[in-house]
Amino acid sequence: MSAPPRPAEHGDLPLEEFERHATQLAHWIATYLGSPERYAVLAPVAPGAVAASLPAAMPPEAESLDAILADLDRVVMPGVTHWNHPGFFAYFANTASVPGILGELVSAALNQVGILWRTSPVLAEMEQVTTGWLRDAMGLPREWFGMLTDTASTSTLQALAAARERDATLDIRERGMAGRSDLPALRVYCSDQAHSSVDKAVITLGLGRANCVRIASDGAQRMRVDALRAQVEADVAAGMRPMAVVATLGTTSSTAVDPIAEIAALCERHGLWLHADAAYGGVLAMLPERRAMFAGLERADSLVVNPHKWLFTPMDCSVLWTRHPDVLRRAFSLTPEYLRTREQDVALSYSDYSFQLGRRFRALKLWFVLRAFGLAGIQARLRFHCALAERAAEWIAAEPGWELLAPVTMSVVCFRHRPTGVVDEAALERHNAAILERVNASGRVFLSHTKLDGRYTLRIAIGNLRTEERHVAEAWRLLREAAQA
Ligand SMILES: *Cc1c(COP(=O)(O)O)cnc(C)c1O
């Protein structure tokens with residue numbers, strides 16, 4: 001038999017091209033990161049504009065990398081919202097740091113597919129080690145088991161899947177939940193400030209959204225433990241089965257911190273799984289002087305923190321820790337014949353702890369970031385961001401006509417403009433929404449809003465690596481100008 005004919009085009013592009021273009025791109029990226037302020041923070045495009053600028057069909061013939069790279073500025077950049085911009089104060093910041101970008105580059109090149117330990121020993125073991133470093137730096141119990149996922153939404157989904165599996169007598173893994181009269185309603189509790197990813201996890205797990213019970217928060221947006229206790233007791237009395245509580249440490253609207261120690265005590269008394277959602281603020285546990293607000297966290301059953309928020313790791317990277325890896329494993333381990341290996345009893349395969357089979361080498365960029373900044377470097381940056389937020393809060397509090405709407409617990413400031421004489425909430429909402437529009441239209445900064453206690457609230461969220469005091473000052477100047485317009 002003769003070998004199949006070699007087509008004219010086969011194999012990868014030449015490596016000389018890779019080197020040449022990688023060098024060119026390194027320069028392009030450095031230029032971009034060196035002056036993100038050339039761009040408006042929010043992409044100045046109308047819906048559909050990017051799609052309209054692209055050809056309707058894929059290229060019939062190969063195009064040169066030169067042509068593709070030339071289109072970065074023409075096609076891609078106009079549709080980019082600049083999360084790397086120092087004036088990005090919306091939601092929660094997420095910066096692509098230099099070490100994080102380099103880690104991603106190498107990760108793409110090595111193309112590890114973490115299925116089993118043997119399909120990438122370094123992926124499995126570096127993930128164990130880096131999540132362990134972070135756990136220790138945050139003062140969490142050493143026996144906690146860590147893993148990386150794409151987002152906090154996935155981490156919380158997995159944690160609640162484990163919570164559902166903890167009582168093996170329910171036999172949900174085998175028998176499911178539908179059509180069973182023997183199953184009580186399984187209840188999950190979180191505050192009215194908790195992230196929507198909790199509802200989505202409950203929906204996805206088939207528990208029913210009605211069983212995601214929102215507990216009232218107090219005047220500072222913290223879960224009211226008396227209300228939680230009353231709800232749990234009422235549910236038990238009604239024949240329901242309380243399953244888990246999700247406590248938020250750093251809520252998405254105002255970074256409030258639920259009273260985790262009291263919640264933990266209640267969970268222990270009722271046998272509830274306690275999942276802590278510290279997607280944004282958890283990294284603050286790396287600061288000894290801030291640790292007090294996390295006291296009791298060590299009693300949680302699981303915890304999520306996102307390095308892709310305030311730990312300078314490019315999207316995506318979320319850490320899930322649990323002190324019950326055995327339960328997580330019981331929920332997800334399933335080894336078909338073709339995945340059996342002789343080392344499976346001694347070596348860690350993350351697919352045993354997750355609904356995903358393959359996983360990418362996220363630990364590499366985290367390893368780059370943790371090493372390149374070091375604990376002291378990370379602490380210094382977090383302290384700086386908190387100090388900038390406190391500075392902004394001082395400016396706002398001191399300015400007539402402006403008011404703070406929540407305590408500054410981390411690096412987010414919640415506030416609004418209230419001109420003398422205006423008391424109607426609807427009028428205040430229109431006024432502040434107009435301020436937000438004007439400020440964001442400047443292209444210099446990007447802020448977002450929320451509602452606290454029914455009040456329309458502006459937010460400045462600080463956490464970008466490149467933000468300096470002058471950027472916060474500019475946001476404040478733009479806000480005051482917009483309020484007078
Ligand atoms: C951002 C955030 C989430 C969701 O994070 P993703 O990684 O986008 O899923 C969940 N909870 C809290 C408290 C957050 O701040």
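One-based numbering, in listed order, for ligands and for the atoms of each. Note that the structure is a prediction, hence the values are computed from the model and not measured. What's counted below: heavy atoms across the whole structure, side chains too, no hydrogens, waters or symmetry copies.
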(message) Under the ring-ring contact (aromatic ring centres under 6.0 Å, His included) test against His324, which residue among Trp144, Phe145, Trp273 passes?
(response) Trp273
(request) Please work out which of the three classes, parallel, tilted or perpendicular, describes the rings of Tyr32 and Trp28, given edges at 30° and 60°. (result) parallel
(request) Have a look at ligand 1 and work out which part of Ser197, if any, has a heavy atom under 4.0 Å from it: side chain, backbone, both or neither. (result) side chain
(message) For Tyr91, which part has a heavy atom under 4.0 Å from ligand 1: side chain, backbone, both, or neither?
(response) neither
(request) Consider ligand 1: state whether an atom of it lies below 4.0 angstrom from any non-hydrogen atom of Gly250. (result) yes
(message) With heavy-atom distances below 4.5 Å as the criterion, would you say the side chains of Gln128 and Tyr350 are in contact?
(response) yes
(request) Decide whether Ser120 and Gln112 meet the rule of one side-chain donor and one side-chain acceptor closer than 3.5 Å. (result) yes
(request) Specify the closest pair of heavy atoms between Gln221 and Thr251, including all atoms of both residues, with the distance to one decimal. (result) O-CG2, 4.3 Å
(message) For atom 6 (P) of ligand 1, what is the closest protein heavy atom, and at what distance to 0.1 Å?
(response) Ala152 N, 3.5 Å
(request) Check Asn306 against ligand 1 and report side chain, backbone, both or neither, counting heavy atoms closer than 4.0 Å. (result) side chain
(message) Using a 3.5 Å cut-off on N or O atoms only, is Ser153 in polar contact with ligand 1?
(response) yes
(request) Within a distance under 4.0 Å of any heavy atom of His308, pick out the atoms of ligand 1 and give their elements. (result) 7 (O)
(message) For Phe373 and Phe312, take the angle between the two ring planes, folded into 0 to 90°, and tell me which bin it lands in: parallel under 30, tilted 30 to 60, perpendicular over 60.
(response) perpendicular
(request) Using heavy-atom distances, let me know which of Lys309, Lys200, Met315 sits nearest atom 1 (C) of ligand 1. (result) Lys309
(request) Could you tell me whether the side chain of Phe88 reaches within less than 4.5 Å of the side chain of Thr81, counting heavy atoms only? (result) yes
(request) Among all protein heavy atoms, pick the one closest to atom 11 (N) of ligand 1 and tell me residue, atom and distance. (result) Asp277 OD2, 2.6 Å
(request) Could you walk me through whether Phe446 and Tyr91 pass ring-ring contact (aromatic ring centres under 6.0 Å, His included), step by step? (result) CA-CA 9 Å; Phe446 175 33; Tyr91 319 116; 5.7 Å; yes
(request) Could you list which atoms of ligand 1 come closer than 4.0 Å to a heavy atom of Thr252? (result) 12 (C), 13 (C), 14 (C), 15 (O)
(request) Report, in ascending order of atom number, the atoms of ligand 1 lying under 4.0 Å from any heavy atom of Phe92. (result) 15 (O)
(request) State, yes or no, whether a side-chain contact exists between Arg269 and Arg229 at a heavy-atom distance under 4.5 Å. (result) yes
(message) For ligand 1, which is the ligand I care about here, please tell me if Thr251 has any N or O atom under 3.5 Å from one of the ligand's N or O atoms.
(response) no
(request) Return the residue, atom name and 0.1 Å-rounded distance of the protein heavy atom closest to atom 10 (C) of ligand 1. (result) His195 CG, 3.2 Å
(message) Quick check: Ala279 and ligand 1, any N/O pair under 3.5 Å apart?
(response) no
